[in-house]
Amino acid sequence: MIISSFRWRLPVPFVVDPACRVLAAERGISERLLSLLARRGVTSAAELAAFLAPPEEGCYDPSLLPDAAPALARVARAQAHGERVLVYGDFDADGLTGLSILVIALRAIGLDAAPYVPERLGDGHGLSLRAIDRAVDEGRTLIVTADCGTSSGPEIEVARGRGVDVLVTDHHHAATWPAAAVAVVNPQRADSEYPERHLTGAGVAWKVAHLLLRELGDGSGVSTTGGVATLPQAVQDLADLAVIGTVADVAPLLGENRVIARIGMERLRSGARPGLAALVERAGLDRDRLNTDDIGFGIAPRLNAAGRTGEAARAGRLQIGRAHV
């Protein structure tokens, strides 16, 4: 006879503010659902109101990100002088979607932005010297990273010595960061005051895209209220990519990540991006009923597989679209 050594541990009773219970009753939220929300950190009336509010109300002003100002200034300079840009991502689903977001956003503001998807064996993790060589060969004077770069100090020093600036967008823990970079946009920086510290690489890229499109694009979505940013349609249109990276990196779907998930899932279900629509169909998923499990077990593994078989660049093109390659 096999005797299990496991023991069930029942959750402790949940505690919520009385005002939260009142609001839950007004919104028709059952006690069972309220208990689930409480165990996910929603225990006050303010937190419940934010959870139920329209998604754009939970979106913070991207100018609050660390180094947002120098990042914007450097891209504005590139835009004014017609500089060529290289966007360097990672080869997993989070890095691929972050790269795609930045390429699309930079091209939308008129920049010549080329994607560089590293090879697992040829480039490794982080910014590679091979990518710097390509930037120099093609006359690209700015590299923008997605989901990497915080730990690439030596490589960024090399790039600067060869006349190439590096703008880092990343989300990995950063006790220190490369001083040679023109900007390190990373909410995990020790000095970061950004309200949401749990963004993924794609989430940070989405916020940077919001900043660039708002300030250097057509000017829509400029206003903010109490640190909350309005969302231009062009930014909402990129949320389908951001939600894939967010779910793939197993980020908690609370706060701004939940904003990304709510907007991104609606966009993903619309099938507006042909490459992703084809991937959903090939995976045998019901597009009209897509959920985050479908991303985690159907979409993201297929993008990750491309990076493991040396075909990550094809996965990037799938997301960016033929018209943008």
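For the single chain, residues carry numbers from 1 onward in sequence order.
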Electrostatic pair [X]:[Y] at N-O distance under 4.0 angstrom:
X	Y	answer
R162	D133	yes
E196	K207	no
R140	E83	no
D237	R273	no
R269	D240	no
R160	D165	no
R262	E266	no

Whether [X] side chain and [Y] backbone form a donor-acceptor pair below 3.5 Å:
X	Y	value
N291	D294	yes
Y88	G126	yes
D92	G95	yes
R134	R130	no
R84	T141	no
D147	D90	no
S152	E155	no
N257	T246	no
S192	P187	yes
R189	V184	yes

* Do you know which two heavy atoms are closest between A68 and S63, and how far apart they sit? -> CB-O, 3.6 Å
* Take Q188 and Y194, measure what side chain to side chain donor-acceptor pair (under 3.5 Å) needs, and give me the verdict at the end. => CA-CA 9 Å; Q188 290 282 14; Y194 192 70; over 6 Å; no
* Using the six-membered ring of F51, assess whether NZ or CZ of R258 lies under 6.0 Å from its centre and within 45 degrees of the ring axis. =>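 Geometry flag: set, cation within 6.0 Å and 45°.
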* Asked: For E281, does the CD atom sit with more than 12 other heavy atoms under 6.0 Å from it, leaving out its own atoms?
  -> no
* Does CD belonging to Q79 count more than 12 external heavy atoms closer than 6.0 Å? ->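 Yes, the 6.0 Å shell around CD holds more than 12 heavy atoms from other groups.
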* Give the intermediate values and the outcome of side chain to side chain contact (heavy atoms under 4.5 Å, CB included) for residues T169 and N186. => CA-CA 6 Å; T169 78; N186 184 341; over 6 Å; no
* With side chains defined as the heavy atoms from C-beta onward, is the minimum distance between I260 and W206 less than 4.5 Å? -> yes
* Side chain proximity check, D170 to V204, heavy atoms < 4.5 angstrom ->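 They are not in contact (no side-chain heavy atoms under 4.5 Å apart), so the answer is no.
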* T200 versus D249, side-chain donor and acceptor atoms under 3.5 Å -> no
* To do: Go through the steps for I143 and I132 under the test side chain to side chain contact (heavy atoms under 4.5 Å, CB included), then give the verdict.
  => CA-CA 8 Å; I143 295 175; I132 297 170; 4.2 Å; yes
* Specify whether F91 and H125 have parallel, tilted or perpendicular ring planes, treating 30° as the upper limit for parallel and 60° as the lower limit for perpendicular. =>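 Tilted.
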* Start with the C-alpha gap between V259 and E56, add the side-chain angles, then the distance that decides, and say whether side chain to side chain contact (heavy atoms under 4.5 Å, CB included) holds. => CA-CA 7 Å; V259 172; E56 61 271 16; over 6 Å; no
